[in-house]
Peer 1: 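Here it is, the structure, as structure tokens.
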Protein chains: 2
Amino acid sequence: MISPTAEYALRAIVAIAQAEGDAVVTSTIAEITKVPPGYLSKVLQTLRRAGLVDSKRGLGGGFTLTRPTDQMTVLDVVGAVDPIKRIETCPLRLDSHGRELCPLHRRLDQASELVEQSFAATTIADLLTEPGPSTPLCKSGPCAH
Amino acid sequence: MISPTAEYALRAIVAIAQAEGDAVVTSTIAEITKVPPGYLSKVLQTLRRAGLVDSKRGLGGGFTLTRPTDQMTVLDVVGAVDPIKRIETCPLRLDSHGRELCPLHRRLDQASELVEQSFAATTIADLLTEPGPSTPLCKSGPCAH
DNA sequence: AACTAATTGGACCCAAATATCCACTTGACG
DNA sequence: CGTCAAGTGGATATTTGGGTCCAATTAGTT
């Protein structure tokens, strides 16, 4: 459904969010999220360039969110690393179709639209506060690991 | 959203369906669908093993559907070549989670579920009969290419 | 100023998906 | 029964995404 990279990005954002403002270091995020540290570093770079996180180098550095969690959606995060591709023109390049999609591609694009809407409707804050047997990534709460 | 291979499979099924029972040869399907012939051949093999199409060798051979188009869904086709992966257990392998997903993964799985339902609700017949400015793949109808 | 913690960016590697090619088999038809 | 159209399956590229590694830079601390 979404790429491993997009999942990693979401996990990382959630991990940073859980620190509630404190800067979190890459190695810590890697531990919490179980993402390969080297690769996580690349993902965090992408998130920074997209303006979702801030980074500070040197001792006491790390990553922080640039916005409150209720103003950052799952779609923002996914879109930063691996945008959902909507079908806008006929993939078969039949120019006769113009802007209109054939029924097949119209349906496929509707599926993308559904996902997009679902992701846009969910904020990071929603993930943190949602009731349930465990908190995201199992960092704290009733889930002891 | 779906892999190129899954799209190819759908295009191929539609192309075969449009022949209304006549066997269609790989090279013809390749032309209509604009799929690389060699690769299409592999995809058709997969569809045959999944029981969605029949093949006949030799002169006059080709591919036919094994079921009426209103008894074959988009999900059937996608599932044959590239099944939609549902999230059933915690991807971080935190056994403490048991069968329960954390809020993040619950949301992600809901997105998969949406797509699955959407695909399951659409038959190949739906694609062929749906009104619109062009027929699927632009094989015939008001669309002249 | 030296030291150390931390991000940054580039080069490189690996595996899986995508795509190509070809030798082989099958089957219809003369 | 020979020939040719057509699917089958294996070997082999090619591409891309995921992942590793390391030298360079930045910045806080003593």
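Nothing here was measured: the structure is a model prediction, and the numbers come from that model. A note on names: the letters A, B, ... follow the listed sequences, proteins ahead of strands, and every chain is numbered from 1.
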Peer 1: Per the end-axis method with five pairs at each terminus, what is the bend angle of the helix from C:dA1-D:dT30 to C:dG30-D:dC1, to 10°?
Peer 2: 0°
Peer 1: Under 4.0 Å from OP1 or OP2 of D:dG9: is there any side-chain N or O of B:Q45 that close?
Peer 2: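 For D:dG9, OP1 or OP2 has a side-chain N or O of B:Q45 closer than 4.0 Å.
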Peer 1: Evaluate the side-chain proximity of A:I2 to A:L10: yes if any heavy-atom separation is below 4.5 Å, no if none is.
Peer 2: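 Yes, side chains in contact.
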Peer 1: Show, in sequence, the C-alpha distance, side-chain angles and deciding distance for B:S3 and B:Y8, and conclude whether the side-chain hydrogen bond (donor to acceptor under 3.5 Å, both in side chains) test is met.
Peer 2: CA-CA 9 Å; B:S3 68; B:Y8 293 168; over 6 Å; no
Peer 1: Which residues, if any, of residues 48-60 of chain B bring a heavy atom under 4.0 Å of DNA chain C?
Peer 2: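 Per residue number, the list reads B:R57, B:G58, B:L59.
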Peer 1: May I ask you to check whether B:S112 and B:D109 show a side-chain donor-acceptor distance below 3.5 Å?
Peer 2: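 Side chains of B:S112 and B:D109: no pair found under 3.5 Å.
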Peer 1: Can you find a heavy atom in the side chain of B:T46 that is under 4.5 Å from one in the side chain of B:V43?
Peer 2: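 The answer is no, as the side chains (C-beta and beyond) never meet within the 4.5 Å cut-off.
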Peer 1: Indicate yes or no: at least one non-hydrogen side-chain atom of B:V77 is less than 4.5 angstrom from one of B:V74.
Peer 2: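 Side-chain contact under 4.5 Å: no.
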Peer 1: In whole angstroms, how far is the C1' atom of C:dA17 from the CD atom of B:E7?
Peer 2: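 So the CD-C1' distance, B:E7 to C:dA17, works out to 16 Å.
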Peer 1: To the nearest Å, how far apart are A:F63 CZ and C:dA6 C1'?
Peer 2: 9 Å
Peer 1: Are any non-hydrogen side-chain atoms of A:H105 and A:C102 less than 4.5 angstrom apart?
Peer 2: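 Side-chain contact under 4.5 Å: yes.
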Peer 1: For the residue pair A:T66 and A:V53, what are the closest heavy atoms and their distance?
Peer 2: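 Closest pair (atom of A:T66, atom of A:V53, distance): CG2-C, 3.5 Å.
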Peer 1: Any side-chain heavy-atom pair from B:M72 and B:T123 closer than 4.5 angstrom?
Peer 2: no
Peer 1: For B:K42 and D:dG7, what is the distance between atoms NZ and P respectively, to the nearest whole Å?
Peer 2: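 Rounded to whole Å, this separation is 13 Å.
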Peer 1: What is the distance, rounded to the nearest whole Å, between atom CG of B:L40 and atom P of D:dA6?
Peer 2: 15 Å
Peer 1: Using a 4.5 Å cut-off on heavy atoms from C-beta on, say whether the side chain of A:R11 contacts that of A:I32.
Peer 2: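 No, their side chains stay 4.5 Å or more apart.
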Peer 1: Please give me the minimum heavy-atom distance between B:I84 and B:F119, naming the atom from each residue.
Peer 2: CD1-CD1, 3.8 Å
Peer 1: Distances under 3.5 Å only, N/O to N/O: pair up the protein atoms with those of nucleotides 13-18 of chain D.
Peer 2:
unit_1, atom_1, unit_2, atom_2, d
D:dG18, OP2, A:T5, OG1, 2.7

Peer 1: In whole angstrom, what separates B:L44's CG from C:dA19's C1'?
Peer 2: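 Taking atom C1' of C:dA19 as the reference, CG of B:L44 is at 15 Å.
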Peer 1: Quick one: closest heavy-atom pair of A:P37 and A:T26, and the distance?
Peer 2: O-CG2, 4.2 Å
